[in-house]
Amino acid sequence: MIEMSRKVIIAGNWKMNKTAAEGKALVDALKPLVADVCPDVADIVVCPTFTTLAAVIDAVKGSNIKVGAQNVHWAESGAFTGEISAAMLKELGVEYVILGHSERRQYFGETDETVNKRLKAALAAGLKPIVCVGELLEERETGKTEKVLFTQLEGGLAGLSKEDMAKVVIAYEPVWAIGTGKTATPEIAEETHNYIRCTLNDMFGKEIGEGIRIQYGGSMKAENAKELVAQPNIDGGLIGGAALKADSFSALIHNAIAG
């Protein structure tokens with residue numbers, strides 16, 4: 001067994017919320033609340049909408065808060081109306097990017113193949129990808145969780161070198177627990193994270209697999225963050241609603257690293 005310490009990563013996915021002015025106000029309120037969090041202990045990331053990125057990047061300067069985008073296109077440029085390239089994000093100062101979120105898959109036709117193309121473009125530009133995987137309620141209830149996750153990991157991460165994979169964060173989203181108030185118990189979440197870890201070990205070798213950070217993305221809140229992140233294979237959270245207020249996001253971060 002390879003023992004490896006993985007730094008906690010808490011990323012707030014703002015989804016389609018917050019104008020530029022509102023995003024700046026949120027970050028301005030958040031900065032003093034998390035100023036005591038050592039960057040060696042945890043990475044704090046906020047992921048605004050495209051139109052809010054520039055204001056938030058400017059607002060976080062000099063702080064321990066990093067900025068991510070919510071998606072990126074796979075092409076460098078071209079006739080892709082409404083899309084944003086990795087170079088455009090990089091020029092703004094974006095560090096992270098979320099890929100394959102369940103809402104992108106559900107509403108906008110994302111597939112494992114397009115996630116894979118976006119992932120390779122993000123890595124080529126020097127962005128740090130957060131790749132989302134997860135099963136629907138009916139898939140969990142019919143015992144297909146592991147099959148679904150294996151397919152998403154195999155397809156989404158196809159063709160990556162070990163060196164590239166070491167730069168990737170995985171976010172496990174039990175789709176049935178997003179926005180519903182339902183949360184997998186820490187034991188259920190850990191069991192699934194452990195399966196993801198074992199699959200990554202098989203795909204890329206233990207040296208890489210044991211170092212990859214796996215976030216939990218199923219309605220993590222301040223109240224359950226400590227118990228979830230205390231699990232051996234849960235390395236943080238991809239946070240939705242609780243990231244939209246400075247006090248709740250700060251409380252969640254502090255609880256997550258308290259264990």
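What you see below is based on every heavy atom in this structure, not just the backbone, and it leaves out hydrogens, waters and symmetry mates.
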_Which atom of D43 lies closest to which atom of K66, heavy atoms considered_ = OD1-CE, 3.3 Å

*Can you see which heavy atom on V8 is nearest to which on G236, and at what distance?*
CG1-CA, 4.2 Å

*Does a salt bridge link R118 with E110, judged by any charged N lying under 4.0 Å from a carboxylate O?*
yes

_As an exercise, state the distance from CZ of F204 to CG of L157, rounded to the nearest 0.5 Å._
5.0 Å

*Could you please spell out the steps behind the side-chain contact (heavy atoms from CB on, under 4.5 Å) verdict for Q215 and M220?*
CA-CA 10 Å; Q215 298 175 303; M220 185 184 285; over 6 Å; no

*Quick one: does M165's side chain get under 4.5 Å of I170's, heavy atoms only?*
yes

*So if you build clusters from Ile, Leu, Val, Met, Phe, Trp, Tyr with side-chain heavy-atom gaps below 4.5 Å, do V45 and L33 land together?*
no

_Option among R213, R197, K7 that satisfies the side chain to side chain donor-acceptor pair (under 3.5 Å) test with D235_ = R197

*Does CZ in F150 sit with more than 12 non-hydrogen atoms of other residues, nucleotides or ligands closer than 6.0 Å?*
no

*Look at atom CD of E187 and say whether more than 12 heavy atoms of other residues, nucleotides or ligands are closer to it than 6.0 Å.*
yes

*Nearest heavy atoms of L252 and A242, plus distance in Å*: CD1-CB, 4.0 Å

*Below 4.5 Å, heavy atoms only, C-beta onward: do V46 and L30 meet side chain to side chain?*
yes

_Close side-chain approach of P174 to T192, heavy-atom, < 4.5 Å_ = no

*Could you tell me whether the side chain of F50 reaches within less than 4.5 Å of the side chain of L89, counting heavy atoms only?*
yes

*Flag yes if V169 and V37 sit in one hydrophobic cluster, no otherwise; membership is Ile, Leu, Val, Met, Phe, Trp, Tyr, and two members link when side-chain heavy atoms are under 4.5 Å apart.*
no

*Enter the distance from L119:CG to L160:CG here, rounded to the nearest 0.5 Å.*
5.0 Å

_For a 4.5 angstrom cut-off between non-hydrogen side-chain atoms, does R105 reach D112?_
yes

*Name the one of T52, T49, I239 that satisfies side chain to side chain contact (heavy atoms under 4.5 Å, CB included) with W14?*
T52

*asked:* Between I57 and V94, does the side-chain contact (heavy atoms from CB on, under 4.5 Å) criterion hold? Intermediate values first, please.
replied: CA-CA 7 Å; I57 287 166; V94 169; 3.9 Å; yes

*asked:* Nearest 0.5 angstrom please: T51 OG1 to L53 CG, how far?
replied: 8.0 Å

*Output yes when a side-chain donor or acceptor of N255 lies under 3.5 Å from a complementary backbone atom of A222, and no otherwise.*
yes

*Without swapping roles, check the side chain of T114 against the backbone of T111 for a donor-acceptor pair under 3.5 Å.*
yes

*K24, NZ atom: more than 12 neighbouring heavy atoms under 6.0 Å*: no

*Consider only side-chain heavy atoms of I, L, V, M, F, W and Y, link residues closer than 4.5 Å, and tell whether I10 and I212 are in one cluster.*
yes

*Within a strict 4.5 Å, meaning less than it, do heavy atoms of the C132 and I98 side chains meet?*
yes

_With heavy-atom distances below 4.5 Å as the criterion, would you say the side chains of R104 and Q70 are in contact?_
no

*Does any N or O in the side chain of Y216 come within less than 3.5 Å of the main-chain N or O of A184, such that one atom is a donor and the other an acceptor?*
yes

*Using the six-membered ring wherever Trp is involved, compare the ring planes of H193 and Y172 and label them parallel, tilted or perpendicular (cut-offs 30° and 60°).*
perpendicular

*Transitively linked via ILVMFWY side-chain contacts under 4.5 Å: V131 with W74?*
no

*Would you say V115 and I196 are hydrophobically clustered, going by side-chain heavy atoms of ILVMFWY under 4.5 Å?*
yes

*Indicate the atoms forming the closest heavy-atom contact of A86 with L127, along with that distance.*
CB-CD1, 4.0 Å

*Would you say K128's side chain and G68's backbone share a donor-acceptor pair under 3.5 angstrom?*
no

*How many angstroms lie between atom OG of S63 and atom CG of D28, to the nearest 0.5 angstrom?*
9.5 Å

*Distance from E135 atom CD to W176 atom CH2, nearest 0.5 Å?*
7.0 Å

*Give, for atom CG of L244 and atom CG of N13, the distance between the pair rounded to the nearest 0.5 Å.*
8.5 Å

_Heavy-atom side-chain proximity of F108 to N71 below 4.5 angstrom_ = no

_Minimum heavy-atom separation for R6 and E210, please, with both atom names._
NH1-O, 2.6 Å

_Nearest heavy-atom neighbours spanning L26 and A246_ = CD1-N, 3.4 Å

*Do other residues, nucleotides or ligands put more than 12 heavy atoms under 6.0 Å from E22 CD?*
yes

